[in-house]
Amino acid sequence: MRSDAIKKGPSRASHRSLLYALGLSESEMKKPFIGVVNSFNEVVPGHVHLRTLSDAVKDGIRNAGGVPFEFPAIAVCDGIAMNHGGMKFSLISRDIIADSVEIMMTAHQFDAVVFIPSCDKVVPGMLMAAARLNVPSIFVSGGPMLPGIVGRDRVGLGNVFEAVGAHAVGKISDAQLTAMEMSACPTCGSCSGMYTANTMACLTEAMGLALPGSGTIPAVYSDRKRLAKMTGERIMDLLEQNICALDIMTPAALRNALRMDMALGGSTNSVLHMLAIAREAGYNLTLQEINEISAATPQICKLNPASDHYISDLNEMGGLRSVMSELVKGNHIELDVLTVSGLLSDRLKGSMAADGVIIRTLDNPYSVDGGLAVLTGNIATNGCVVKKGAVVPEMMQHEGPARVYESEEESVDAIFGGQINAGDVVVVRFEGPKGGPGMREMLTPTSALAGMGLDRSVALITDGRFSGASRGASIGHVSPEAASGGLIAYVQEGDRIKIDIPARTIELLVSEAELAKRQPAQQPDRNLRGVLKRYQTQVVDSSEGARLRRYGKEDES
């Protein structure tokens with residue numbers, strides 16, 4: 001056992017002395033030591049209940065003969081961090097989480113690990129750590145929040161952001177906005193729609209690193225607590241069988257996760273995270289391969305913000321096992337892969353059939369291709385990403401004049417100031433991994449446009465990124481970014497931009513001769529220090545996951 005390095009033999013007497021200081025017994029010293037990474041904190045609704053799940057996990061570990069050791073991971077609430085300087089730190093936290101887990105697991109030589117994440121960057125950060133450590137590993141997420149109810153309508157957090165836009169143009173009253181904000185988030189858990197947190201929790205289950213139900217069982221259900229206990233018990237089986245993270249995180253399993261992403265219409269952030277996770281697992285995933293998977297995988301679920309269906313509805317209809325079983329009928333899933341509970345082919349036996357509404361059948365999909373699309377063109381030679389499944393039909397193809405802004409704040413002021421007109425293409429630049437730095441999510445401008453009714457006539461493109469709650473023709477991750485000299489830095493007010501989502505293209509309609517005369521816009525002076533300055537010097541392109549260089553300047557492939 002790995003833990004023998006800190007507890008076995010005369011030379012480890014001092015180590016054992018410190019362990020006995022924790023209250024361990026001599027019998028416990030002979031058992032496997034299991035790390036339990038808990039991202040609990042008191043500021044994030046998706047994490048505020050995780051002490052309960054951690055206790056259940058530890059009970060399960062003890063039931064199965066192990067000794068649990070809990071340690072923390074940080075977590076940022078993207079909703080609270082939205083639309084101010086704090087959002088610059090959200091994506092950065094993903095790599096810090098991965099590093100901190102690696103540090104704690106290696107320094108203390110735990111034999112195996114249970115991960116308890118919930119929100120947006122925590123799940124991928126822990127997945128990156130699992131791949132890097134390659135010890136027996138299993139996940140149980142905090143689970144989704146239940147949708148809120150306002151009047152007769154169910155709502156999620158994204159509806160509140162859109163309500164702000166509706167309020168700004170007088171569509172709803174102060175009282176209606178207050179009713180929305182008081183009701184949209186009624187329980188603990190990750191926000192109720194197919195936003196980034198729930199997308200990544202679902203992909204973790206789809207790739208086999210969590211027990212069935214981990215991606216969809218609501219946070220407040222007793223089933224979630226029971227699942228946590230079962231997860232603690234199951235890690236001991238994985239340790240006994242020496243099944244490690246990379247035995248499960250194979251290229252086939254990662255492709256299965258991406259197919260699930262396309263079938264569900266997940267968050268655009270999942271593309272960024274899967275690129276980074278795959279590289280930690282030794283798989284050189286590319287945007288081109290993701291686009292190929294999208295082109296071949298039908299979208300059979302549409303969940304909030306793309307519809308009024310929620311994660312809890314998906315859970316009631318059989319969860320991810322039912323979605324995967326439907327995809328199997330079209331040979332979209334590779335079945336001969338290992339999960340934390342046996343082969344995927346065995347896991348799917350006995351799953352509920354697609355109901356035809358929450359989970360559509362393959363002969364009646366929402367779309368014959370996936371819910372995410374990668375576009376390329378002169379303004380994004382390395383690619384950009386759109387949540388195609390949340391774009392209205394009339395915006396699948398769009399051409400209009402550019403309205404150019406050097407930051408999210410500038411664009412928000414323009415939108416709320418009534419300066420954006422139907423047909424415009426809002427361009428927000430210098431918000432990429434380096435330019436931001438930190439590649440802020442921009443839910444405020446996208447939701448403001450939707451709330452004002454402009455999502456049916458206005459597109460928004462950026463080298464930054466969007467929340468999973470965003471909808472409309474919101475095209476992010478434009479690469480190369482403005483700070484790296486990408487063509488987006490050369491766009492001028494009034495330039496025509498043509499977007500064709502079905503054709504997967506995006507073009508700046510300006511001649512090469514004219515572009516040759518232009519100078520790129522200058523990046524605003526951010527006056528950086530601390531973690532932001534360090535991040536800016538180490539981060540790679542969004543087309544490679546906006547991860548940090550690990551081994552020097554050449555580590556970009």
Side-chain angles (χ1 to χ4, degrees), residues 39 41-44 47 72-104 107 119-122 124-126 128-129 132 196 269 272-273 276 404-413 428-445 462-467 476-486 488-489 519-556:
S39 55
N41 65 46
E42 294 182 339
V43 68
V44 185
H47 298 247
I74 63 171
V76 171
C77 179
D78 282 11
I80 296 174
M82 197 71 65
N83 195 28
H84 59 81
M87 178 49 74
K88 294 177 181 289
F89 293 82
S90 176
L91 183 59
I92 294 174
S93 71
R94 183 191 68 183
D95 292 77
I96 290 174
I97 289 164
D99 290 348
S100 64
V101 172
E102 179 187 12
I103 288 168
M104 289 295 290
C119 288
D120 303 45
K121 309 310 164 297
V122 186
M126 289 185 179
M128 291 165 68
R132 199 182 298 172
T196 308
N269 284 313
L272 200 68
H273 298 323
V404 185
Y405 304 98
E406 310 302 333
S407 69
E408 178 187 6
E409 287 82 359
E410 285 189 13
S411 71
V412 169
D413 288 345
V428 185
R429 60 192 178 195
F430 295 109
E431 290 288 3
K434 295 178 183 176
M439 204 177 183
R440 285 192 287 183
E441 285 185 354
M442 286 181 276
L443 179 56
T444 297
T462 180
D463 51 11
R465 60 194 179 92
F466 299 112
S467 164
H477 310 192
V478 169
S479 174
E481 62 174 297
S484 296
I488 191 173
Q519 294 295 315
Q522 294 301 301
Q523 179 172 348
D525 183 7
R526 305 295 195 201
N527 191 27
L528 299 177
R529 61 179 183 176
V531 67
L532 287 178
K533 187 174 183 65
R534 184 168 68 245
Y535 183 85
Q536 187 181 59
T537 63
Q538 295 178 341
V539 70
V540 302
D541 195 83
S542 60
S543 64
E544 297 180 14
R547 61 193 176 89
L548 298 182
R549 292 189 184 92
R550 295 292 172 192
Y551 312 113
K553 190 173 181 179
E554 302 305 315
D555 179 38
E556 296 192 24

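Values in this document were obtained by computation on a predicted structure and should not be read as measured data.
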Next item on the list: Just do the side chain to side chain contact (heavy atoms under 4.5 Å, CB included) check on Ile97 and Ile74 with the steps written out, would you?
Entry: CA-CA 7 Å; Ile97 289 164; Ile74 63 171; 3.8 Å; yes
Notebook entry, point to check: What's the verdict on side chain to side chain contact (heavy atoms under 4.5 Å, CB included) for Phe89 and Val531, showing C-alpha distance, side-chain angles and the deciding distance?
Noted result: CA-CA 8 Å; Phe89 293 82; Val531 67; 3.2 Å; yes
Next item on the list: Under the side chain to side chain contact (heavy atoms under 4.5 Å, CB included) rule, what do Arg549 and Thr537 come out as? Steps first, then yes or no, please.
Entry: CA-CA 9 Å; Arg549 292 189 184 92; Thr537 63; over 6 Å; no
Item checked: side chain to side chain contact (heavy atoms under 4.5 Å, CB included) assessment of Leu91 paired with Arg465 -> CA-CA 10 Å; Leu91 183 59; Arg465 60 194 179 92; 3.7 Å; yes
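Within the 4.5 Å cutoff, no side-chain heavy atoms of Met439 are placed close to those of Glu431. Within the 4.5 Å cutoff, no side-chain heavy atoms of Leu443 are placed close to those of Glu441. Between Ile92 and Lys121 the shortest side-chain heavy-atom distance does not fall below 4.5 Å. Considering only heavy atoms from C-beta on, Ile80 comes within 4.5 Å of Val43 through its side chain. You'll find the side chain of Thr462 stays beyond 4.5 Å of the side chain of Val478, heavy atoms only. The side-chain heavy atoms of Val412 and Met442, taken from C-beta on, include no pair separated by under 4.5 Å. Side chains of Leu528 and Pro437 form a contact here, defined as non-hydrogen atoms less than 4.5 Å apart. Counting only heavy atoms from C-beta outward, the side chains of Leu548 and Tyr535 approach each other to under 4.5 Å.
In terms of heavy-atom proximity, Ser39 sits nearest to Ala75 at O-CB, 4.0 Å. Contact record, Ala482 with Ile488: N-CG2, 3.5 Å, taken as the closest heavy-atom pair. In terms of heavy atoms, Met82 sits closest to Ser467 at CE-CB, 4.1 Å. Taking both residues in full, the closest heavy atoms of Gln523 and Ala483 are given as OE1-CB, 3.4 Å, listed atom of the first, atom of the second, then distance. Closest non-hydrogen pair, Glu481 versus Gly435, comes out as OE1-N, 2.9 Å.
Here the OG-CG distance, from Ser93 to Asp99, works out to 11.5 Å after rounding to the nearest 0.5 Å. Here CD of Glu42 is found 13.5 Å from NE2 of His47. Values are rounded to the nearest 0.5 Å. Going from atom CG of Asp78 over to atom CG of Asn83 covers 13.0 Å, rounded to the nearest 0.5 Å. Atoms OG1 and CD, from Thr444 and Glu408 in turn, are 5.5 Å apart once rounded to the nearest 0.5 Å.
No donor-acceptor distance shorter than 3.5 angstrom exists from the side chain of His477 to the backbone of Asp463, with no hydrogens or angles considered. A donor-acceptor contact shorter than 3.5 Å links the side chain of Ser100 to the backbone of Ile96. Remark: the backbone N or O of Lys88 is not paired with any side-chain donor or acceptor of Arg440 at under 3.5 angstrom. Although no hydrogens or angles enter the test, the distance criterion places no donor-acceptor pair under 3.5 Å between the side chain of Asp95 and the main chain of Ala98. Put simply, the side chain of Asn269 gets close to the backbone of Phe466: a donor and an acceptor are under 3.5 Å apart. Remark: side-chain polar atoms of Gln522 are paired, donor with acceptor, to backbone N or O of Pro520 under 3.5 angstrom.
Using a cutoff of 4.0 Å between basic side-chain nitrogens and carboxylate oxygens, Arg429 and Glu410 are not scored as salt-bridged.
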